[in-house]
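Within every chain, numbering begins at 1; the chains are lettered A, B, ... in the order of the sequence lines, protein sequences first and strands thereafter.
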Amino acid sequence: MTIQRPRGTRDFLPEDSFKRGVVRKRMQDLLERWGYQEISTPTFEHLELFTIKSGASITEEIYAFKDKGGRDMALRPELTAPVMRMYVNELQTAAKPLRLHYFGNCFRYERPQKGRFREFWQLGAELIGSDRPDAEAEVIALAQKLIESAGVSGDLHLGYLGLIRTMMKMIPASERPAVMKFIDKKERTLLAEKLQEIGADHLGLIELIDLKGRQALDRAMEMAEDLARLSENLPPDEVLAGTSEAVSPDVTGDRSARSDRAAPSDLDLAHFSELVGLLEIYGVEATVDFEIVRGLEYYTGTVFEIYASGLGAQNQICGGGTYMLAGLLGGQETRSTGFGIGFDRIMEIVALDEKPLAPVAVVFVPQVRSEAVRAAKELRDGIAAPVVLDVMGRGLGAQLKQASSIGASFAVIIGPKEVEEGKFTLRDMSTGSQESLTLKEIRERLGE
RNA sequence: GCCGGGGUAGGGUAGUUGGACAUCCUUUGGGACUGUGGAUCCCAUGACCCGGGUUCGAAUCCCGGCUCCGGCCCCA
């Protein structure tokens, strides 16, 4: 038995690695052009970083371990928390806004399936310091452009948590988890029954999450006004009751820090409306969709997700929104907008026609090995294509055969005759035609 | 954690009413062919996922595990 790779991990063969590199480069070039600078954070962090952000229960899905000093560590399961940790540690006094991007492997202890692995790669960006519609529009447009740059067409859904959050405050805390679950699972019938049962069917929750598209915004604004009137009638304590415990009843205590982190005016849809308008100017098509709930925990208002077809059950390729995390991590509170792209899922559906440069083979007879090595060295300095040299002690014929099988574009043939003349034989591997040229001429011929 | 379907050389496969050195193609290395590749031929390397059980005998039947694929749960 040979040693197998760990479950849920993958090996990337040269062809795979090449494709991944091309797509990664395209995306990172675009990020740079939008002014987002690359950063990197450690592969492992203190476990606490992730439990602060997401609750103790996520330890179940984390590669967590104790190091030799007895510290609780974790292989990073995502990159937003590490990036914000870095921000709090090192960048709080940097000029705002900060535009950052990252690419890195993440780890989750989950059952592998299509588009889901235990080691996977995330590419993302964070715009730190603003939650204005301007910032949100930029980030969302950027996310969509990145996906397009990979040749993938994504379906962008844009949501706003303010309305749902307000409605949730108007129903008894004990009922919130069930209601949230039904929304998340798209269980309309059960949701309707539940709302009726608790006398909350007048809030318009179902109508809200069913709103989709451009006209959704206008209707949502009307609903917001109705809600504003309703909430005025509630005692302040009731309105202020946090939503966070309600969302994750299985976690006790450790989430209290996140109560009432909603945007100042949850019902102010003008902000959201402005964002929708800006996105139109960016030329980004978005479907307004109030059904996106995406962790009410630290997202403050705007949230978005991008889906792609051809991926089976795991069809979400990007998720993001505006959040407040710096405070949780011990820094001064700052609003940020960001997203993460599931790089592996992109790779599953990307269609690439780009191919690696065909190599040039230096083919020689044993007596002139030194000259061949020198020639290869010079060619490597002068041309872009890979230059390869026989290391198997093969004869000339076998070397050409090898050159052919690796798809070489040209062979530079070197023997005593060539060395004497100071000219090598350049053979076009596709046509078989040959010319006698100096090394300099060969370099020029094969170009940069 | 749950449900279903799979695991035979590096890749693709044949063989499952239990029976002798496990089939074929491809790949890889060598040779025919040490100054000219793609063809052909020859040789070589290379596998029954792991562990138990049943049996005179297991790739084949049974059990457990591992793992891959699809789905559920979850998805920060």
Opposite nucleotide pairing with B/rG1, Watson-Crick or G-U, both atom distances under 3.5 Å: B/rC72
Both distances below 3.5 Å, Watson-Crick or wobble geometry, any strand: find the nucleotide opposite B/rU17. none
Distance, nearest 0.5 Å, that separates CD of A/Glu126 from CE of A/Met86: 12.0 Å
B/rG1 base / A/Glu61 side chain donor-acceptor hit below 3.5 Å: no
Would you call the rings of A/Phe103 and A/Phe343 parallel, tilted or perpendicular, taking 30° and 60° as the class edges? perpendicular
Rounding to an integer number of Å, can you tell me how far A/Lys186 NZ sits from B/rC72 P? 13 Å
Salt bridge flag under 4.0 Å for residues A/Arg427 and A/Glu418: no
For a quick check of understanding: with a heavy-atom distance under 4.0 Å over all strands, which category does A/Pro416 fall into, base, sugar-phosphate or nothing? base
State whether a side-chain donor-acceptor pair under 3.5 Å links A/Tyr63 with A/Glu119. no
A/Phe107 CZ - B/rA76 P separation (whole Å): 19 Å
Paired with B/rU67 by Watson-Crick or G-U wobble geometry, both distances under 3.5 Å: which nucleotide is it? B/rG6
Between CD of A/Gln113 and C1' of B/rC73 the distance, given in whole Å, is 9 Å
C1' gap between B/rG5 and B/rC21, integer Å: 34 Å
Touch class at under 4.0 angstrom, heavy-atom based, for A/Gly8 against every strand present: sugar-phosphate
A/Lys185 vs B/rC75: side-chain N/O to OP1/OP2 distance below 4.0 Å: no
Side chain of A/Ile413 only, please: which of B/rG29, B/rG35, B/rG38 is the nearest? B/rG35
Look at A/Arg76 and B/rA76 and indicate whether a side-chain polar atom (N or O) is within less than 4.0 Å of OP1 or OP2. no
Whether A/Arg7 contacts B/rU67 is assessed here as follows: a side-chain N or O lying under 4.0 Å from the phosphate OP1 or OP2. Is that the case? yes
What is the distance, to the nearest angstrom, from the NZ atom on A/Lys401 to the P atom on B/rG31? 10 Å
What is the distance, to the nearest angstrom, from the CG atom on A/Asp390 to the P atom on B/rG29? 11 Å
For B/rC42 versus B/rU27, give the span between their P atoms, rounded off to a whole number of Å. 15 Å
Could you check which of B/rG38, B/rC74, B/rG35 has an atom nearest any side-chain atom of A/Leu396? B/rG35
Rounded to whole Å, how long is the line connecting atom CD of A/Glu60 with atom P of B/rC75? 13 Å
Provide, to the nearest angstrom, the distance between the CZ atom belonging to A/Phe117 and the P atom belonging to B/rC68. 10 Å
Can you tell me how far the OG1 atom of A/Thr80 sits from the NZ atom of A/Lys53, to the nearest 0.5 Å? 5.0 Å
Need to verify one output field. Residue with the more 5' nearest nucleotide on RNA chain B, A/Ala408 or A/Arg111? A/Arg111
Does A/Arg10 contact B/rC68 through a side-chain donor or acceptor facing the base, at a distance under 3.5 Å? no
Under 4.0 angstrom, heavy atoms only, what part of the nucleic acid is A/Gln434 near: base, sugar-phosphate, or nothing? base
Before giving the answer on side chain to side chain donor-acceptor pair (under 3.5 Å), spell out for A/Gln434 and A/Thr425 the whole-Å C-alpha distance, their side-chain angles and the decisive distance to 0.1 Å. CA-CA 6 Å; A/Gln434 300 191 161; A/Thr425 302; 5.1 Å; no
At under 4.0 Å between heavy atoms, what does A/Gly319 touch on the DNA or RNA strands: base, sugar-phosphate, or nothing? nothing
Check whether any side-chain nitrogen or oxygen of A/Arg394 sits under 4.0 Å from OP1 or OP2 of B/rG30, and answer yes or no. yes
Taking any heavy-atom pair under 4.0 Å as a contact, classify A/Gly397: base, sugar-phosphate, or nothing. sugar-phosphate
Taking atom types as they are modelled, is there a donor-acceptor pair under 3.5 Å from the base of B/rU36 to the side chain of A/Gln399? no
Which value, in whole Å, describes the distance between the C1' atoms of nucleotides B/rG4 and B/rA9? 29 Å
Nearest to the side chain of A/Ser54, which nucleotide is it out of B/rA76, B/rG29, B/rU36? B/rA76
Side-chain N or O of A/Lys53 closer than 4.0 Å to phosphate OP1/OP2 of B/rA76: no
Using atom P in both nucleotides, what's the gap between B/rU67 and B/rU55 to the nearest angstrom? 32 Å
Got a donor-acceptor pair under 3.5 Å from the side chain of A/Arg427 to the base of B/rG37? yes
Reading RNA chain B from 5' onward, which residue's closest nucleotide shows up sooner: A/Lys114 or A/Leu400? A/Leu400
pair A/Ile306-A/Phe339: side-chain heavy atoms closer than 4.5 Å: no
Enter the distance from A/Asn315:CG to A/Arg345:CZ here, rounded to the nearest 0.5 Å. 8.0 Å
When rounded to whole Å, the CD to P distance for the pair A/Gln316 and B/rA76 reads 7 Å
P-based separation of B/rA76 from B/rC2 [nearest Å]: 24 Å
Nucleotide of B/rG30, B/rG35, B/rC73 approaching A/Glu418 most closely (side-chain heavy atoms): B/rG35
